[in-house]
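Step one of this worksheet: look at the structure below.
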Amino acid sequence: MQILNGKEASQAIKDSLKLEVAQLSTNGKTVPHLVAVLVGNNGASETYVAAKVKACEEVGFKSTLIHFEEEVSSLKLLDKIRDLNTDPDVDGILVQLPLPQHISAEEVINTIDPSKDVDGFHPSTVGKMVLGHPTFIPATPYGILLLLEHYKIETKGKHAVIIGRSNIVGRPMSILLSASANPGNCTVTICHSHTKNLNEFAASADILIAALGKPGFVKEDMVKQGAVVIDVGITRVLDASKKSGYSIQGDVAFEEVAPKCSFITPVPGGVGPMTIAALMKNTFKACSVKHFE
Ligand code: GUN
């Protein structure tokens, strides 16, 4: 069993981006600029956005964090996005989800200029991804592809089972792994809350991706001997023994599942850091397309 070390793989990606950014600076070119928009005071969202801003600093990107109060009007938020769309100094825009109830995430996503849609959530971006056209790939699925690539894991002809059908992870992952690409060329099964015999599907997976947000959901008897297991779960669970008061738990019961796997991602330190590295790559791409192609 080998651990898929997302910290290490993401560092390698960031190191390589850092060199490319340094080269841009040396040649007097503008460096990528990511704007992150955060609404309200959701603790997890604040942590994720802070990690994204920190990664920008690490690789030498410019970054701006715009933090609105929970009660901000939809109108004000959309106006800000329109400003960012037309600001030539801004390459990538991300609005951290979830948003408060009174704001439509769909409307917000639809307002982001697709050329700056580094989260890959705009319908036009999703359409291109489905068709296999060059575009931004949503950060979590992209990070998983980069991790599989980093560890040279063969995906061709494998049965990939994805648990979870969210627009952010499960659905794009199913499209990408079934695409004629490398990584890709998998036979894909997507499981969700209405799937009958979910355990049997899971146990038939060569590559099992758990993205449902239920801590410890995947147990030892749901995993085939030698499977590759990717855990996308990052649920905060109250834990008095931690200074923060909580621990982060994955969707896989790691201790019992790991011995059966050929490869497995830990939580934390698996998919999470890869998501950030993927976002950095998308931001670099947004800047490259705009300025140099
Ligand atoms: N919330 C959970 N995952 C994501 C993500 O990848 N991007 C944004 N913007 N919000 C999220």
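Keep in mind that the numbers below use all heavy atoms, side chains included, and drop hydrogens, waters and symmetry copies. Order of appearance sets the numbers: ligands from 1, and atoms from 1 within every ligand.
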So does V223 get a backbone contact from the side chain of K260, meaning a donor-acceptor N/O pair under 3.5 Å? yes
Atoms in ligand 1 with a heavy atom of F121 nearer than 4.0 Å: 5 (C), 6 (O), 7 (N), 8 (C)
Got a salt bridge between R82 and D113, using NZ or NE/NH1/NH2 to carboxylate O under 4.0 Å? no
Could you check atom 10 (N) of ligand 1 against the protein and tell me its nearest heavy-atom contact, residue, atom and distance included? L97 N, 3.0 Å
Quick one: nearest non-hydrogen protein atom to atom 11 (C) of ligand 1, plus distance? Q96 NE2, 3.4 Å
Are D91 and K116 ion-paired here, with the side-chain N under 4.0 Å from a carboxylate O? no
Under 3.5 Å, which donor-acceptor pairs do the side chains of residues 169-192 form with other protein atoms, sequence neighbours left out?
from	atom 1	to	atom 2	distance (Å)
R171	NE	N167	OD1	3.4
R171	NH2	N167	OD1	3.4
S174	OG	R171	O	2.7
S178	OG	S174	O	2.9
S178	OG	I175	O	3.1
N185	ND2	A181	O	3.3
T189	OG1	H159	NE2	2.7
H192	ND1	R165	NH1	3.4
H192	ND1	H194	N	3.2

Quick one: which of T275, T283, I276 gives a side-chain contact (heavy atoms from CB on, under 4.5 Å) with L279? T283
Numbered atoms and elements of ligand 1 in range of V95, under 4.0 angstrom, heavy atoms: 8 (C), 9 (N)
N or O contact, D119 vs ligand 1, cut-off under 3.5 Å: yes
